[in-house]
Amino acid sequence: MGMKAYIVRRVLLFIPTLLGVTLLIFAILQFFTPEERASAYIRGTPKNPDVIYRVIEKYHLDAPLHIQYYFWITRVLSGDLGIAKSAGNIPVSVALLKGIPATFELVIFSIPSIIFLGIYLGIKSAVNRDKASDHIIRIFSIIGWSLPTFWSALILISIFYGGLGWVSAGRLSNEAYGVVTSPNFIRYTRINTIDGILNGQLWITIDALKHIVLPVINLTIISVALIVRVMRSSMLEELSKGYILTAKAKGLSNDVVINKHAKRNALIPVVTISGVLTAGLLTGVVITETVFNYKGIGYFAAHAALQMDIPSVLGFALFVGLVYSVANLIVDITYAYIDPRIRVE
Amino acid sequence: MSQIVRLKDIVVRFYTYEGVVKALEKVNLFVKKGETLGLVGETGCGKTMTGLSIFNLIPSPGRIEGGEVLFRTKEGRIKNLLSLDEAGLQRIRGAEISMIFQEPSASLNPVYTIGDQVSEVFLTHREKALLKNTIKKIDEELQESKGELLKRFILRFEKNIYERIMRNKDPLLIRILNKIPLIRRYRRRLEAEAKKQAISLLRDLGIPDPERVADMYPYELSGGMQQRAVIAMALACNPVLLVADEPTTSLDVTIQARILELIRELKRRFDTTVLFITHDLGVIAEMCDRVAVMYAGNVVEIADVKEIFRNPLHPYTKALMESIPQPGKEYKTIRGVVPNLINPPSGCRFHPRCPQAVEICAEKRPELLEIRKDHFVACHLYDGEER
Amino acid sequence: MKSNSRWSELKKSMSPTIAELKFTVKRIRESPLSIMGMAIIMFFAAIAILAPILAPPVNENPYIMPHDGWKRVPKPPSPKHIFGTTSGQYDVFYGCIWGTRTAFYVGFEVVGISLLIGIVIGSLSGYYGGIVDEIMMRFTDIIYAFPGLILAMALVVAFGRSLESVLLALVLVSWPTYTRVIRGEVLKVKQTDYVEVAKAIGCSDFRIITRHILPNAIYPVLIMASLNIGSVVLTAAALSFLGLGAGESFADWGQLISNSRDYIMGTAANPLAYWHTWLIPGLFIFMFVLGWNLLGDAFRDILDPTIRRR
């Protein structure tokens with residue numbers, strides 16, 4: 001009933017957001033001269049300046065802004081984001097597509113551990129308020145919150161890869177990489193853990209898992225604090241509410257009161273904050289992938305930034321903006337699903 | 001008449017940053033079977049805390065630091081609720097004693113439907129009866145479904161689980177099963193059964209269209225309807241004692257009268273004893289058989305409702321009676337202010353405001369004594385120490 | 001005088017705020033975590049103040065790190081360079097000491113400027129409402145549609161690599177937060193009686209905003225902002241690490257690590273050969289941010305009215 005109308009309204013609101021995201025990237029592009037922008041569409045460095053002028057004319061790079069935006073957005077929609085010079089002169093969209101499965105794999109493994117650990121610790125902390133376990137959880141979450149992503153990654157990598165010689169950095173060991181890139185290994189999804197199973201080569205999956213554990217731990221350490229903090233404070237708030245007393249007076253066990261009554265309500269702010277969590281993950285991915293030499297889109301973006309590769313960085317930013325907006329859309333809909341009161345508003 | 005519950009020297013303290021709040025100081029009280037005892041006093045005098053102490057549910061940072069709550073269970077055994085373990089308390093809460101709170105919208109969980117919240121009481125306290133009914137139903141379905149192999153298999157499986165729960169066999173296995181989403185669906189039958197009972201209870205309480213209301217969320221209901229749902233939860237298991245904490249204060253005047261009428265009717269029908277907490281002397285006169293007057297964490301006077309209105313003994317009760325606005329009479333207020341319970345006055349806590357205070361009032365705490373038959377007062381004017 | 005009674009009215013309406021403030025200060029002093037945070041920040045403040053004594057500058061601009069030769073391979077700690085050197089032979093100790101100043105500078109500047117923008121736009125937006133408000137809020141929405149670091153990355157690439165670019169990019173991504181909070185507070189305060197009274201006696205809009213609304217709305221935002229210094233420094237360090245910092249020779253913690261990024265993994269024989277190039281500057285960043293976050297966490301708990309009093 002109200003749910004459908006709410007979703008439709010929320011999806012309609014998504015359109016201006018999309019427009020805004022593209023407009024902002026377009027605005028940043030205007031910092032560059034038409035010549036600089038034109039070279040983004042040319043492989044390598046052109047020897048003849050005429051090439052650049054031809055591109056400017058063809059792509060309307062010196063036209064009035066609204067016309068420029070029109071041509072730019074049509075090109076973006078058709079998947080043309082320019083050439084990524086930092087990634088061997090392949091189109092930016094191709095570079096992104098190549099990196100997405102790896103990053104997706106990393107994020108998909110991180111999210112459950114962040115959310116479940118965060119909720120569990122948050123509840124534990126709130127229920128044992130001002131006791132030792134509460135203090136320990138809080139101190140650890142503040143430490144996680146304060147760790148520079150690259151520093152914690154460097155510490156992990158030196159201890160486990162350098163010190164203990166566990167595995168080497170990257171997504172796969174050399175041996176596994178050789179197999180994966182060989183012609184008789186079919187890369188269905190480009191997600192190594194899944195492709196390993198699909199090709200019936202379980203050792204590839206295990207090898208991929210070994211390589212993904214530390215990056216996942218790193219992302220978890222830096223992001224879990226957010227969930228713990230929100231869960232703790234919302235849990236404390238819910239536990240002080242009237243319906244908790246009613247539930248206890250009904251004769252419900254503490255377990256039911258906490259895990260059924262308080263938790264469901266306390267999760268509402270956590271759902272809201274999971275948009276911010278997505279942002280944290282998207283940023284964390286850039287640095288974690290760079291340090292672990294894990295070739296996803298974050299790695300691609302960091303290398304592009306180091307070489308001031310304009311179309312790659314902006315293409316990445318545009319992509320992340322879209323992903324983040326979609327994530328926020330999903331968050332809002334989930335929110336309405338959990339909290340019946342939102343739908344009527 | 002026998003006593004259902006007896007509070008003996010209950011002491012409740014709250015440990016706050018500002019200091020220790022001495023919320024209840026040796027509260028003595030008893031409720032007789034079948035009566036309605038009114039508990040009256042100003043805001044913050046400890047009425048609600050007295051009610052909650054019966055449940056051993058003082059919210060933190062509060063603690064019960066002394067006393068006993070002696071409760072006569074349905075089986076006729078007398079238990080001290082303050083020395084009972086948590087599991088024992090949970091068996092009594094909601095089943096033998098239950099509570100209605102002041103703010104119905106706050107006492108309902110906003111994210112569960114009314115039906116969920118009412119049937120939860122049945123699922124908690126009436127599991128055996130629900131199981132019996134469900135097993136009977138499964139048997140019927142088994143009879144009907146001859147030949148449908150898969151369905152019969154599922155039904156058998158469910159019946160097996162229900163019987164195990166019934167006999168309390170393999171509690172660990174059941175607990176694990178309850179954690180697995182798809183298998184947990186077997187509970188739906190149990191939940192459906194509980195919901196059926198919840199709907200019939202809602203109908204009993206005069207809620208129109210109970211099937212629809214059961215699927216509604218609290219915010220979709222009016223205050224009066226919400227309070228009916230709360231009352232339904234409280235009365236679901238036919239409790240011996242109902243503690244009603246200002247159940248009508250937050251409602252509109254017209255609805256107040258209806259809720260009061262409902263409580264009175266239900267009390268008759270369910271044969272429940274009621275402890276009625278209010279600050280409204282009008283409601284007391286209308287609802288109660290006996291009255292206990294509280295002041296700053298102490299019970300100062302207990303008597304029959306007629307006796308207390310006709311012949312109040314404690315100076316505070318007298319002042320309270322005089323502060324009722326009446327046509328043609330001068331309206332009096334009680335001088336002074338409600339004391340701060342972090343540093344309460346010594347001796348009788350009322351003495352700084354008492355027009356009849358004497359020296360001893362500031363020094364010694366008066367005991368609650370039976371001055372006349374069934375008339376208890378805690379005041380040095382009557383305990384014979386002075387005169 | 002009539003206005004006198006209004007003043008006492010105003011004072012009365014402010015008195016809970018003052019009581020609140022006293023209570024907050026008391027709680028801060030009682031919380032061990034916030035004391036720890038305070039101590040850490042004080043320690044860094046001392047380093048920043050004593051920087052010229054601890055690490056006497058060699059160049060005219062003290063923020064330019066001196067370097068002992070041009071060799072690419074970092075050198076481990078020695079009596080001459082107690083924290084060792086980075087790739088390019090920049091002294092890590094010098095960089096860490098003067099980097100403390102950079103951290104305070106970046107933190108204060110970014111937070112201060114974004115706060116100023118937030119106060120001006122937020123209060124105008126909240127007070128006047130209407131179309132201005134609508135446009136401003138859509139504008140903040142757009143910036144909110146990007147994770148901060150990634151937008152900052154794109155902006156620094158657009159502006160060109162320099163400390164100024166980093167500062168500007170960080171300001172651009174952080175002002176919407178303050179604008180939103182200020183606007184929310186202004187909307188709340190706007191409806192109070194004393195603002196109505198001020199309007200009724202004919203105070204100018206400017207006077208109402210600066211004298212009546214802001215003093216009441218600004219308090220939580222100021223605290224929030226000052227505690228954001230930690231996360232600003234963290235983002236700036238990440239940018240430096242990604243090579244979008246102030247430049248190789250600039251005394252900045254993130255920059256120090258970035259300088260030796262090719263050597264971080266050590267040598268094949270000894271993977272930990274160059275630990276000092278990242279562990280020491282990283283520790284400075286971590287402790288600095290930790291100090292602010294400890295303080296921030298204590299404040300958040302104390303200011304959160306729902307979980308405040310136990």
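Note on naming: letters A, B, ... go to the chains in the order of the sequence lines (proteins, then strands), and numbering restarts at 1 for each one. In this text the structure is predicted, and so the values were computed from the model without any measurement.
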**Spacing of A/F150 atom CZ and C/S240 atom OG [to the nearest 0.5 Å]** = 7.5 Å
**Asked** For chain A, which residues from residues 159-181 of chain C lie under 4.5 Å away (heavy-atom distances)?
**Response** C/F159, C/G160, C/R161
**Prompt:** Looking only at heavy atoms, which of residues 278-293 of chain C get nearer than 4.5 Å to chain A?
**Reply:** C/W278, C/L279, C/G282, C/L283, C/I285, C/F286, C/V289, C/L290, C/N293
**Item:** Rounded distance (nearest 0.5 Å) linking atom CD1 of A/I287 with atom CG of C/L242
**Value:** 5.0 Å
**Asked** Any residues in residues 147-156 of chain C near chain A, with a heavy-atom distance under 4.5 Å, and which are they?
**Response** C/P147, C/L149, C/I150, C/L151, C/M153, C/A154, C/L155, C/V156
**Asked** Within a strict 4.5 Å, meaning less than it, do heavy atoms of the C/L244 and A/M308 side chains meet?
**Response** yes
**Asked** Who in residues 232-239 of chain C is close to chain A, using a strict under-4.5 Å heavy-atom cut-off?
**Response** C/L234, C/A237, C/A238
**Verdict with supporting geometry, C/F146 and A/L24, side-chain contact (heavy atoms from CB on, under 4.5 Å)** = CA-CA 10 Å; C/F146 292 90; A/L24 182 59; 3.5 Å; yes
**Prompt:** So which part of A/I25 gets closer than 4.5 Å to some heavy atom of chain C, the side chain, the backbone, both or neither?
**Reply:** side chain
**Partner chain C: residue of A/V276, A/T283, A/I139, A/L29 with the largest heavy-atom pair count (under 4.5 Å)** = A/T283
**Message:** Tell me whether the count of non-hydrogen atoms from other residues, nucleotides or ligands lying under 6.0 Å of CZ in C/F139 goes above 12.
**Reply:** no
**Message:** Quick check on A/Y161 against chain C: is it the side chain, the backbone, both or neither that has a heavy atom closer than 4.5 Å?
**Reply:** neither
**Message:** Counting heavy-atom pairs closer than 4.5 Å to chain C, which one of A/A305, A/S325, A/A302 comes out on top?
**Reply:** A/A305
**Item:** Selection from A/D309, A/L282, A/L23, A/L154 maximising heavy-atom pairs under 4.5 Å formed with chain C
**Value:** A/L154
**Complete:** One option among A/T278, A/L322, A/L147 has the most heavy-atom pairs under 4.5 Å with chain C, and it is A/L147
**Prompt:** Looking only at heavy atoms, which two atoms of C/A145 and A/T17 are closest? And how far apart?
**Reply:** CB-CG2, 4.4 Å
**Item:** Residue pair C/Y144 / A/Y324: nearest heavy atoms and the distance that separates them
**Value:** O-CE2, 3.1 Å
**Prompt:** Given that the side chain runs from C-beta out, which part of A/I310 has a heavy atom under 4.5 Å from chain C: side chain, backbone, both or neither?
**Reply:** both
**Item:** Which portion of A/L19 sits near chain C, non-hydrogen atoms under 4.5 angstrom
**Value:** neither
**Message:** For A/V323, which atoms come within 4.5 Å of any heavy atom of chain C: side chain, backbone, both, or neither?
**Reply:** neither
**Item:** CZ/C/F43: more than 12 non-hydrogen atoms of other groups inside 6.0 Å
**Value:** no
**Contact origin within A/A304 toward chain C - heavy atom pairs under 4.5 Å** = neither
**Asked** Atom CG of A/N328 and atom CG of C/D141: how far apart are they, to the nearest 0.5 Å?
**Response** 10.0 Å
**Request:** Could you look at A/T149 and say if it's the side chain, the backbone, both or neither that has a heavy atom under 4.5 Å from chain C?
**Result:** neither
**side-chain contact (heavy atoms from CB on, under 4.5 Å) assessment of A/I142 paired with C/L294** = CA-CA 7 Å; A/I142 298 173; C/L294 281 172; 3.8 Å; yes
